[in-house]
Trainee: 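Structure incoming, see below.
Residue numbers start from 1 in every chain, and the chains themselves are labelled A, B, ... in the order their sequence lines are given, proteins ahead of strands.
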There are 2 protein chains.
Amino acid sequence: MIIIYQKFFSLESEKKARIINAALKEFARNGYSKASTNDIVKEAGISKGSLFNYFNSKRELYLFLLDYVVKIIEQIYAEVDWMEPDFFTRMRQLGEVKYKIYKKYPHAFNFIKTAAREDAAEVKPEINRIGKAIIAEGLERGYQNIDWSKFREDIDRERMIKIINWTMLGFAEEERDKVKSFEEVGTEVLKEADEYFSILRRCFYKKEEQ
Amino acid sequence: MIIIYQKFFSLESEKKARIINAALKEFARNGYSKASTNDIVKEAGISKGSLFNYFNSKRELYLFLLDYVVKIIEQIYAEVDWMEPDFFTRMRQLGEVKYKIYKKYPHAFNFIKTAAREDAAEVKPEINRIGKAIIAEGLERGYQNIDWSKFREDIDRERMIKIINWTMLGFAEEERDKVKSFEEVGTEVLKEADEYFSILRRCFYKKEEQ
DNA sequence: AACAAGATGACCAAAGTGGTCAAGGCAATC
DNA sequence: GATTGCCTTGACCACTTTGGTCATCTTGTT
């Protein structure tokens, strides 16, 4: 994993992105076994020979993507201020970083989602190994240092968190469908997201904390 | 569509269900073109010859399912009391009927969801034709006769409805993942759903209406 | 035993699979 | 202009999978 993929990394960055996105899309849509390298090169606009020049096999390509996306996700966690005590401010921050990544790699999150459910024997062991690490880190850090005292006490906290997460997920999905290939929507999406955060604040915070 | 599929309909109902579920699952997972009739017959536990005896082609099978599922969804709408003015009571009712259908055809909703995004030229025209009708009916009836006066007035209604829908969707998905092949979970799921409805009520209704 | 109705899976041509490699393009050096 | 070395290309390979067929076998009824 150190010197390997050197041929790929020395490509011009626009081409790299095209290949990564095409591959992420295909694997996310069809899973490992049904994903077609033919379709990937077609979408990426390169030749088959090139793809297998950069990566020696379909499996290697998949594992490269897995590693790459995991590193991107780690980057999310690194950029977030884990000292911010306000739940919604923090969630907004997290959303903002995710959105930035989504603009560059629209299928990255879908890719890891399907990777988690992948059952092709050729890649499953690697997924499991990496998956455990991610989950361990994610859950621990996730809600650390949050000031829960701001929340209403008559509502079950676990369910409340789920409602908030589902709302953010639903919103993200809606925005994704809306955009398609439109570039640079930018700030208005975040503004709309803030509307939702404002509603959730009014729902779940104590009156005097809003 | 009148006398056709007669061979299929005269099968014993358990076998019919097995075939329908296997096919819905395969099409939902892989889309029309990548779905494999081989995998369908394997999952359904019948022979290839039989499948093509009941349905003359893959396309015919797909269109049959489309029609079948659409009719099931129409049945949902027929069973709901559209006079019930309380938003959450109505949503709960709707959820209950959907849950009943989900128990019989776990992949039906996924199937129409992917069908809506299908782009295989062989079936797209039919999907579009049926799709429009569904959407027209669904949106019109959806929130008729609801007593909106019970709701807080400081929260945007459209966004609120979306939050509620995303919550129900997220809950359903979670429950689905949890169950897998476990049979007859039954009432406890609906009880847990009621917890969420209770929270949403407390969030979005005026104090005195709860 | 004779028959009909259904179910079966080996089989088919056609398409698609991951992967290879000789040939050619292209820029830099001589 | 010739030579060099690196990329890129897509025709090509052996192999698998595809949707669909059909002669044969099972099964139940009379």
Side-chain angles (χ1 to χ4, degrees), chain A residues 3-20 22-27 29-66 118-124 126, chain B residues 3-20 22-27 29-66 118-124 126:
Chain A
I3 311 236
I4 228 167
Y5 309 132
Q6 177 226 2
K7 268 178 273 180
F8 176 72
F9 276 120
S10 52
L11 256 41
E12 59 165 328
S13 68
E14 192 268 341
K15 195 176 197 175
K16 262 188 292 187
R18 243 168 45 222
I19 295 169
I20 289 175
L24 285 177
K25 183 175 168 186
E26 179 71 11
F27 282 122
R29 279 211 180 145
N30 305 114
Y32 179 77
S33 3
K34 296 220 174 192
S36 158
T37 53
N38 290 327
D39 289 354
I40 292 173
V41 300
K42 211 185 296 166
E43 170 100 13
I46 60 168
S47 72
K48 199 117 162 260
S50 286
L51 183 69
F52 283 93
N53 183 25
Y54 311 141
F55 308 95
N56 298 310
S57 69
K58 183 183 179 180
R59 180 166 179 273
E60 224 176 62
L61 169 61
Y62 187 87
L63 294 181
F64 161 77
L65 291 172
L66 196 60
E118 183 61 64
D119 59 349
E122 296 158 89
V123 291
K124 190 144 196 190
E126 281 85 353
Chain B
I3 311 237
I4 229 169
Y5 309 130
Q6 177 227 1
K7 268 178 271 177
F8 176 72
F9 276 118
S10 53
L11 256 41
E12 59 166 326
S13 69
E14 191 268 342
K15 196 176 198 176
K16 262 189 291 187
R18 242 167 46 221
I19 294 170
I20 288 175
L24 286 177
K25 182 175 169 185
E26 180 71 10
F27 282 122
R29 279 211 180 144
N30 305 112
Y32 178 78
S33 3
K34 296 219 174 193
S36 159
T37 53
N38 292 325
D39 289 354
I40 293 174
V41 299
K42 212 185 295 168
E43 170 101 14
I46 60 169
S47 72
K48 196 111 160 271
S50 285
L51 182 70
F52 283 92
N53 182 27
Y54 310 143
F55 308 95
N56 298 310
S57 69
K58 184 184 179 180
R59 181 166 178 276
E60 223 175 62
L61 169 60
Y62 186 88
L63 294 180
F64 161 77
L65 291 172
L66 196 62
E118 184 60 63
D119 59 348
E122 297 159 88
V123 291
K124 188 145 195 188
E126 281 85 351

Trainee: Quick check for you: to the nearest 0.5 Å, what is the distance between A:N30 atom CG and B:K34 atom NZ?
Mentor: 4.0 Å
Trainee: Using the closest heavy atom to pick a nucleotide of DNA chain C for each, name whichever of A:K34 or B:G45 lands nearer the 5' end.
Mentor: B:G45
Trainee: Picking from C:dT17, C:dA7, D:dT21, which would you name as closest to the side chain of A:S36?
Mentor: C:dT17
Trainee: With a non-hydrogen cut-off below 4.0 angstrom, is B:K48 in contact with a base, only sugar-phosphate, or nothing?
Mentor: base
Trainee: Distance check needed: C:dG16 P versus A:N30 CG, whole Å only.
Mentor: 14 Å
Trainee: What integer distance in Å separates B:I46:CD1 from D:dT27:C1'?
Mentor: 18 Å
Trainee: Under 4.0 Å between a side-chain N or O of B:N38 and OP1 or OP2 of D:dT18?
Mentor: yes
Trainee: Both B:S33 and A:K15 contact DNA chain D. Which one's nearest nucleotide lies toward the 5' end?
Mentor: A:K15
Trainee: If I take atom NZ in residue A:K7 and atom P in nucleotide D:dG5, what distance separates them, rounded to the nearest angstrom?
Mentor: 17 Å
Trainee: Provide, to the nearest angstrom, the distance between the CG atom belonging to B:L51 and the P atom belonging to D:dG19.
Mentor: 10 Å
Trainee: Only one of A:F8, A:Y62, A:F9 passes ring-ring contact (aromatic ring centres under 6.0 Å, His included) with A:F55; say which it is.
Mentor: A:F8
Trainee: Can you tell which of D:dT8, D:dT9, D:dG20 lies closest to the side chain of A:Y54?
Mentor: D:dT8
Trainee: Among the candidates D:dG19, C:dT20, C:dT8, find the nucleotide nearest to the side-chain atoms of A:F52.
Mentor: C:dT20
Trainee: Does OP1 or OP2 of C:dG6 have a side-chain N or O of B:N53 closer than 4.0 Å?
Mentor: no
Trainee: Taking the side chain of B:S47 as heavy atoms from C-beta outward, which of C:dG19, C:dA7, D:dT8 is closest to it?
Mentor: C:dA7
Trainee: Starting at CZ of A:R59 and ending at P of C:dG19, how long is that distance when rounded to a whole Å?
Mentor: 11 Å
Trainee: To the nearest angstrom, how far is A:F27 atom CZ from C:dT17 atom P?
Mentor: 12 Å
Trainee: Among all residues two or more places apart in sequence or in another chain, which pass the salt bridge (charged side-chain N to carboxylate O under 4.0 Å, His left out) test with A:E60?
Mentor: none
Trainee: If the cut-off is 4.0 Å, is A:S50 near the phosphate of D:dT9, judged by side-chain N/O to OP1 or OP2?
Mentor: yes
Trainee: How close or far is atom P of D:dT16 from atom CG of B:D39, stated in whole angstroms?
Mentor: 16 Å
Trainee: Separation of A:E122 atom CD from C:dT17 atom C1', in whole Å?
Mentor: 12 Å
Trainee: More than 12 non-hydrogen atoms from neighbouring residues, nucleotides or ligands closer than 6.0 Å to CZ on A:R29, yes or no?
Mentor: no
Trainee: Is the Lys NZ or Arg CZ of A:K58 less than 6.0 Å from the centre of A:Y32's six-membered ring, within 45° of the axis?
Mentor: yes
